[in-house]
Structures are given as C-alpha cells and as structure tokens.
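In this text, all values refer to a predicted model and were calculated from it rather than measured experimentally. Counting from 1, the numbers follow the sequence of the chain as shown.
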Amino acid sequence: MYQRLCLYLSALLALSGCQLDVAEKTPDVSNIQINLDINRFEQALFDLDTTNWETELLTLEQAQPIFSDLYFSRILNSKQLGDQHPTYVKGFVQHPAVRQLYDTTQIVFKNLQPIKEEVTQLLQYYRYYFPQDSVDGQLTTFISEYTIGAFLYENNKIGLGLDFFLGADYPYQKYNPNNPSFSQYITQSFTKAHITEKIGRLLLEDKLGFPKGNRLLDQMIHNGKKLYMLDRLLPSAPDSIILEVTGTQAEWLNNNERNMWSFFLEEDLLYSSDFQDIRKYVEYSPHSPGMPDEAPGRTGNWLGWQVVEAYMKRHPELSLNDLIAINDAQMILDDARYKPRR
C-alpha cells in the first residue's frame with residue numbers, strides 16, 4: 001500500500017512539474033491580434049475552365065501575381081518555357097496522377113479551420129517574442145507533386161504544400177523509392193500535427209541564418225537555439241513534435257542524456273569539424289552512429305537544446321533576440337554550467 005501511494009504521489013508530482021513547465025513558457029498572448037487569411041491556390045488552379053484555359057490561367061496570374069510568379073517560375077518551372085507555359089500547366093493539372101493527388105489533398109484538407117487556428121496561435125507567440133517582425137498576411141496552400149513542403153515569401157507570408165502533409169502512412173516511398181526525402185524517418189513527420197511546427201521552424205531558420213562555425217559544438221548550439229525557441233512558439237507541443245521523432249525516441253533521448261553527452265566527450269566529437277563524422281548527429285538521419293539502435297539521428301541537436309535551456313535558465317533577463325545575437329557556442333556551453341541528467 002505504501003509503495004503504491006509513493007508511486008501515485010510521484011506521478012502527481014511529475015504531472016504537476018510538466019504543467020508548471022508549460023505554464024512557465026506560456027505567456028498570455030490573447031490580446032495579440034493576428035489577421036491570417038487562407039488562400040486555397042490549388043483549388044483556384046485546378047478549378048480553372050480548361051476549355052478557355054489560357055484566358056483563365058492569365059486571370060489567375062493577374063489576381064495573384066506574387067504567389068503565381070513564385071509557383072510557376074520556381075516550383076513548376078513552367079515560366080522558363082515561354083509560350084509553352086500555359087500548355088505545360090494544363091498538362092500538369094490534367095495529368096491523372098496529379099489529379100488523383102489533388103483529389104486526395106481535398107479529402108484530407110477539406111476543412112482548414114483547425115490549422116488556421118493553430119497557425120494563428122503560433123504567430124501570436126511569434127509576435128510576442130519578435131514584435132518587430134511582420135507576421136500578418138496569409139497562408140497559401142498549393143500542391144507541387146512533392147517538390148516543396150513549405151516556404152516563406154513577401155514579409156513572412158506562408159506557402160504550404162499540402163501534398164507533404166498527407167500522413168505518415170501515405171505511400172510517399174512508392175512515388176519515388178530512391179528519393180531519400182521519402183525515407184520513413186523523414187515522412188513520419190509528414191502529418192497535419194507537424195504543420196505548425198514546420199512553419200515555426202521556417203520562421204526561426206529565417207531569423208537564425210547559418211551556424212557561426214563548422215564544429216559539432218557550433219552546430220549543436222545553433223540547432224539547440226532553434227529547438228529552444230520552437231518550444232516557446234509551440235509551448236504545448238510534445239517533444240516528439242518539436243524534434244520530429246517518435247514518442248518512443250523522444251523518451252529514449254530523455255532517459256539517456258548523460259550517456260549521449262559522455263559519448264560525445266569520449267569520442268572527441270564536440271570540436272570535430274569533419275562533416276562526415278558529425279553529420280548524422282545534427283542532420284536528418286535514421287540513427288546516430290555509435291549509439292544504440294533506439295537512438296534517432298540528430299542527437300547532437302537535442303543535447304544542444306539542453307545546453308541552451310540551461311544557459312537561459314541562468315540568464316532569465318535575456319530575450320530570444322538576445323539569444324540569437326550570441327554567436328559564441330563555447331561561451332554558451334561554459335556559462336550554461338551544463339550538467340546532463342543521469
């Protein structure tokens with residue numbers, strides 16, 4: 001009886017701790033107004049009258065000049081064909097496989113209101129932390145036959161490729177078995193639940209730029225900043241969403257923090273700048289070399305997040321803009337006084 005009571009109290013304390021953690025990183029943003037419009041560009045394109053194609057296509061391009069130019073020039077690459085541009089786009093829209101893909105997106109994304117609400121909240125947090133940035137505008141949806149999932153354009157307007165969010169069970173690999181972008185460890189995040197995370201990641205990557213150094217430590221801290229800030233933009237999201245891993249993998253990371261840190265130290269990896277030696281610890285990969293099979297790729301990024309978390313706890317006076325401005329990874333590590341958990 002005593003043992004069960006202790007376990008029950010421990011569970012309550014753990015739950016309370018999680019709730020406190022979420023509360024600490026969840027400022028009140030209810031007074032921040034975000035005007036986000038949803039533009040279903042894929043519907044406008046695929047609903048064009050093919051019997052009057054050239055006129056209809058021109059009308060669409062004139063109605064949405066900025067996004068149309070991006071879409072046709074840099075995604076479909078049809079503008080480079082000159083006079084053949086309308087014919088190419090018509091062939092794209094009428095191709096059976098593309099048409100089936102479009103129909104699938106319209107079933108999966110029949111109602112975008114929940115996504116609009118999630119993205120709006122994301123942008124509220126973004127404006128809270130970065131009030132100087134413009135984030136009003138629109139979310140424009142499209143399909144590209146698996147060319148690009150999301151991008152920013154014109155003052156943080158968002159382009160969202162719906163065909164990259166059809167679910168982890170969608171047969172992406174069947175489309176192109178040799179494309180590493182369709183590997184299971186990547187497509188597991190091609191879900192609705194990851195849309196706001198992917199958009200938040202885009203916004204932060206635009207602000208952070210590239211790592212200021214090519215050592216593993218430089219990339220760990222750079223990517224750790226990104227994860228730390230993404231966690232602030234999505235305070236209620238589980239680690240599995242922030243990290244783009246499975247729940248089991250996220251649990252493994254939390255349970256093996258000291259072992260991972262010891263591994264990097266023992267293998268002299270922290271200060272290595274050999275890209276081939278360190279790549280899988282900071283870039284998408286099915287696993288982290290030298291670690292157990294349960295370890296996902298990008299373990300270095302997770303540890304970088306923990307270092308940044310420790311650093312910011314010691315410096316609560318710093319804003320996210322202040323954190324971005326600090327380019328010395330060694331200084332952050334030293335000042336964090338990082339002690340990995342067992």
Side-chain angles (χ1 to χ4, degrees), residues 36-110 112 115-116 119 134-166 170-183 186-187 190 195 198-199 201-203 205-206 209-210 284:
L36 181 69
D37 294 324
I38 301 292
N39 173 30
R40 301 296 297 261
F41 182 83
E42 86 284 359
Q43 292 181 351
L45 176 62
F46 280 76
D47 286 346
L48 294 181
D49 182 0
T50 55
T51 63
N52 191 26
W53 179 256
E54 292 198 14
T55 300
E56 292 264 311
L57 181 61
L58 180 60
T59 300
L60 173 61
E61 293 182 64
Q62 290 173 339
Q64 301 191 43
I66 295 174
F67 188 84
S68 290
D69 184 62
L70 285 170
Y71 182 77
F72 295 125
S73 296
R74 301 174 64 180
I75 298 177
L76 287 193
N77 295 316
S78 57
K79 283 288 190 178
Q80 287 85 320
L81 300 175
D83 294 342
Q84 294 302 308
H85 157 64
T87 303
Y88 181 93
V89 178
K90 185 178 182 180
F92 173 76
V93 168
Q94 292 184 322
H95 192 282
V98 176
R99 197 80 205 185
Q100 182 178 9
L101 176 62
Y102 169 74
D103 291 341
T104 301
T105 63
Q106 299 312 289
I107 293 171
V108 175
F109 294 100
K110 182 178 180 180
L112 285 184
I115 292 171
K116 179 178 180 179
V119 175
S134 171
V135 291
D136 276 358
Q138 63 185 26
L139 173 67
T140 299
T141 59
F142 64 93
I143 67 169
S144 62
E145 200 180 17
Y146 319 108
T147 299
I148 185 169
F151 62 89
L152 301 177
Y153 70 101
E154 196 191 13
N155 296 324
N156 288 335
K157 289 182 179 178
I158 303 156
L160 185 68
L162 298 180
D163 40 338
F164 274 89
F165 299 96
L166 295 175
Y170 184 80
Y172 284 103
Q173 202 162 33
K174 182 179 178 182
Y175 168 73
N176 188 343
N178 298 319
N179 189 340
S181 296
F182 293 154
S183 300
I186 295 179
T187 59
F190 288 8
I195 287 177
K198 301 279 189 185
I199 293 171
R201 194 177 294 268
L202 276 175
L203 290 164
E205 287 172 351
D206 192 50
F210 297 100
Y284 287 96

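Atom OG1 of Thr87 and atom CG of Leu81 lie 9.5 Å apart (nearest 0.5 Å). A distance of 5.5 Å separates CD1 in Ile38 from CG in Leu112, rounded to the nearest 0.5 Å. In this structure, CZ in Arg201 is found 14.5 Å from CG in Asp206, a value given to the nearest 0.5 Å. Considering CG of Asn39 and CG of Leu139, their distance stands at 8.5 Å, rounded to 0.5 Å. A distance of 10.0 Å separates NE2 of His85 from CD of Gln80, quoted to the nearest 0.5 Å. Between the CZ atom in Phe165 and the OH atom in Tyr170 there is a gap of 14.0 Å [rounded to 0.5 Å].
Not counting sequence neighbours, the partners of Leu45 by the side chain to side chain contact (heavy atoms under 4.5 Å, CB included) test are Phe41, Leu48, Trp53, Leu57, Leu60, Tyr71, Phe72, Val89, Val93. Remark: Gln173 pairs with no residue by the side chain to side chain donor-acceptor pair (under 3.5 Å) rule, at least two apart or across chains. Contacts of Phe190 classified as ring-ring contact (aromatic ring centres under 6.0 Å, His included), with partners at least two apart in sequence or in another chain: Phe164, Tyr172. Looking at residues two or more places apart in sequence or on another chain, you find a side chain to side chain donor-acceptor pair (under 3.5 Å) between Tyr153 and Gln138, Thr140. For Tyr88, there are no ring-ring contact (aromatic ring centres under 6.0 Å, His included) partners at least two apart in sequence or on another chain. For Ser134, the side chain to side chain contact (heavy atoms under 4.5 Å, CB included) partners are Asn155, not counting sequence neighbours. Asn179 is linked by a side chain to side chain contact (heavy atoms under 4.5 Å, CB included) to Asn176, Ser181, Phe182, counting only residues two or more places apart in sequence or in another chain.
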List the steps and the verdict of side chain to side chain contact (heavy atoms under 4.5 Å, CB included) for Val119 and Ile115. CA-CA 6 Å; Val119 175; Ile115 292 171; 4.0 Å; yes
Apply side chain to side chain contact (heavy atoms under 4.5 Å, CB included) to Ile75 and Leu70, showing your working. CA-CA 7 Å; Ile75 298 177; Leu70 285 170; 5.7 Å; no
Verdict with supporting geometry, Ser144 and Phe142, side chain to side chain contact (heavy atoms under 4.5 Å, CB included): CA-CA 7 Å; Ser144 62; Phe142 64 93; 4.0 Å; yes
Side chain to side chain contact (heavy atoms under 4.5 Å, CB included) for Phe151 and Ile158? Distances and angles first, verdict last. CA-CA 6 Å; Phe151 62 89; Ile158 303 156; over 6 Å; no
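Applying the salt bridge (Lys or Arg N to Asp or Glu O under 4.0 Å) test to pairs two or more places apart or on separate chains, none has a residue in residues 80-108. Within the structure, every pair that satisfies the salt bridge (Lys or Arg N to Asp or Glu O under 4.0 Å) test and touches residues 138-154, not counting sequence neighbours, is listed here: Glu154-Lys157. Within the structure, salt bridge (Lys or Arg N to Asp or Glu O under 4.0 Å) contacts touching residues 58-73 (residues at least two apart or in different chains) are Glu61-Lys79. For residues 90-109, the ring-ring contact (aromatic ring centres under 6.0 Å, His included) pairs, not counting sequence neighbours, are Phe46-Tyr102. Listed by first and then second residue, the salt bridge (Lys or Arg N to Asp or Glu O under 4.0 Å) pairs that reach into residues 42-58 are Arg40-Glu42, sequence neighbours excluded.
The backbone N or O of Ile143 lies less than 3.5 Å from no partner atom in the side chain of Asp163, so there is not a single donor-acceptor pair. A donor-acceptor pair under 3.5 Å is absent between the side-chain atoms of Lys198 and the main chain of Gly149, judged by distance alone.
Summarising the geometry of Ile195 relative to Leu160, their closest heavy-atom pair is CG2-CD2, 4.0 Å, with the distance given to 0.1 Å. Pro180 approaches Ile186 most closely through the heavy-atom pair O-CD1, 3.5 Å.
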